[in-house]
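To keep things clear, I will list the structure first and then write my remarks on it.
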Protein chains: 2
Amino acid sequence: MDLQRIKYFLALSEQLHYWKTAEKVNITQSALSRQIQSLENELGLQLFERNKRNVKLTPAGKFLKEKWEVELSELEYIHQFAKQLHLGERGTITIAHPDSISASLMPDILAMITREFPQLQIKLVQVLYENQLEFLKNYKIDLAITRDINSEPGIRAKKIYSDHLALVVPLEHPFKSFDDLSTESLKQQKFILPTNDGGSSYSEIIQALFKSYDFVPDVFLHSEFGSTIIALVRKGLGIAILPDSYMHHQSPGLRFIPLPFKTDLLINWRADDHNPVLANILKLVFEG
Amino acid sequence: MDLQRIKYFLALSEQLHYWKTAEKVNITQSALSRQIQSLENELGLQLFERNKRNVKLTPAGKFLKEKWEVELSELEYIHQFAKQLHLGERGTITIAHPDSISASLMPDILAMITREFPQLQIKLVQVLYENQLEFLKNYKIDLAITRDINSEPGIRAKKIYSDHLALVVPLEHPFKSFDDLSTESLKQQKFILPTNDGGSSYSEIIQALFKSYDFVPDVFLHSEFGSTIIALVRKGLGIAILPDSYMHHQSPGLRFIPLPFKTDLLINWRADDHNPVLANILKLVFEG
DNA sequence: TTTATTAATGCATATTTTGCATTAATGGAT
DNA sequence: ATCCATTAATGCAAAATATGCATTAATAAA
């Protein structure tokens, strides 16, 4: 059954006149007549009661007119929605990102996305460092913002930002600026550092930093969660090294001392992911 | 957009394999391939992500699969429903009938209808005698059961039943049987009779009855409603003449004395009414 | 590298739809 | 009653569309 036929029927059911209707829908009266006939044959029922003079809906025709009007507009809506999915203007995307940028980079990115694609639904998740690529490969997330360079096949990555590292100390701490740092003074500090899992480029940078001062830090505690680390520093339990993106978090009682080391932020996605939503978001992130 | 195409799409979206699907829907792989392509062109979007080896739904395709499945089954249901309307197995019909047969003939007719056409919706109404044909012509009712022969153009009628008239008296009344009736004894009675509107063949029969006893009745009250008349008779306010169909109403305290006069029941409908429901009901009423 | 698998495509054929011209039925006017 | 204007249906040829067969091109697996 062709939907066009149903549209012809609906037009005729309004006009109840073959000639006028035929003109309206841009076919000849002959074609219209036969379209209605085929529709009736296909359904095995009569839609119109007609003689050579008058056209009138049968009860079944009246019923179908009402129902089909609803169904056709429903289908119309569905098709428009699908078109938006196709164009990547609608849909859902799940993004994992590090805690550090939840008050700096993420708000910017999200504002940009909702400005360009207001219909997109975005799910933000925080994923443990070691799970990020696995979740990406298993379609649990579609986009991962990480601080690590990966070399997974099937995953593409691109740098989107670069953070300075900063030494985070309580306000009352004697370290006021970078000049106060020395091997001697650092040796006396207790450190709260990210979990050292060996593979993370972020950890490696921190290791390099300590190496440049040529000492092994006294690590009081490891945590994977930046917000945990900040809370502990504020309580005076130690000092930490974090990306200075954390400065954008509302953290009274803390001092960030910038260090001459940088940590990159990379955006990761499946190379074979053809979801148009992804393509739109990547384009937006890279090109503004 | 042909619904058949959508069915092909749905089949392919299950199998995700052109050959197998083509076989299943009884066309060649070539035809299927092109049907899917036209569908994609028509919608202006991609339904499947495919290379020469694999077929996979796109997000839009996945969405449409779910929605179209629902819509198609909805349409299926609508078409079946319409078919039933066409066959007169579904639909609504409004029937007017006299109060007298609401406990005798009507239950029989209704039982018959619901047995044969359980999906039919029947509205029963009581319409004042003088409005019956007007309501029928104005499509307020579809079927009128009357006791009057009409000669309206456009209205067809057929006799379906014949009632005896009965004299209705309270149980304690001296009239016990037809033999107790005489001009003398009747002259002493107060009568409660139907409204005498002149045109009703029912009233005319009652007039003929009185004429056969050669007297003019002392009429205490006229009412168009049989149940009102019965209530008044039971209270001893007079005696009445009613079709003996009323015997089937639960009316303790009354005696029905059959009279040798008959009143016909006719069923009336619009001659040009092609509602299949009507045709079915008429057939049922006439042929059992 | 080869092979088997599989979606797409060129082409001829079959089917369906369309438009033109005409027919047949019907309501209204004379 | 009769004629006329209107209007839905229909025969026919042309156009558009769908189908099947055979082949091609791409690719994953052996």
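Residue numbering restarts at 1 for every chain, and letters A, B, ... go by the order of the sequence lines.
Residues from residues 33-47 of chain A lying near DNA chain D, meaning a heavy-atom separation below 4.0 Å, are A:S33, A:R34, A:Q37 in numerical order. Listed in residue order, the members of residues 12-27 of chain A having a heavy atom less than 4.0 Å from DNA chain C are A:I27.
The side chain to side chain donor-acceptor pair (under 3.5 Å) analysis of residues 276-288 of chain A, with sequence neighbours excluded, yields no pairs. Within the structure, no pair that satisfies the salt bridge (charged side-chain N to carboxylate O under 4.0 Å, His left out) test touches residues 71-80 of chain B, not counting sequence neighbours. Applying the side chain to side chain donor-acceptor pair (under 3.5 Å) test to residues at least two apart or on different chains, the pairs with a partner in residues 15-24 of chain A are A:Y18-A:R50. Listed by first and then second residue, the ring pair (Phe, Tyr, Trp, His ring centres under 6.0 Å) pairs that reach into residues 30-59 of chain B are B:F9-B:F48, sequence neighbours excluded.
Under the side-chain hydrogen bond (donor to acceptor under 3.5 Å, both in side chains) criterion, A:S33 pairs with A:Q37, sequence neighbours left out. By the salt bridge (Lys or Arg N to Asp or Glu O under 4.0 Å) test, A:K137 is found to be paired with A:E152, residues two or more places apart in sequence or in another chain being considered. Shown here are the side-chain hydrogen bond (donor to acceptor under 3.5 Å, both in side chains) partners of A:H274, two or more places apart in sequence or in another chain: B:E49. Looking at residues two or more places apart in sequence or on another chain, you find a side-chain hydrogen bond (donor to acceptor under 3.5 Å, both in side chains) between A:D273 and A:R270. For A:K65, the side-chain hydrogen bond (donor to acceptor under 3.5 Å, both in side chains) partners at least two apart in sequence or on another chain are A:E14, A:E69.
From the 5' end on, the contacts that DNA chain C makes with chain A at under 4.0 Å to a non-hydrogen atom open and close at C:dT17 to C:dG27.
Mapping A:R5 and B:R53 onto DNA chain C via the closest heavy atom, the residue that lands nearer the 5' end is B:R53.
The CG atom of A:L85 lies 10.5 Å from the CD atom of A:Q119; values are rounded to the nearest 0.5 Å.
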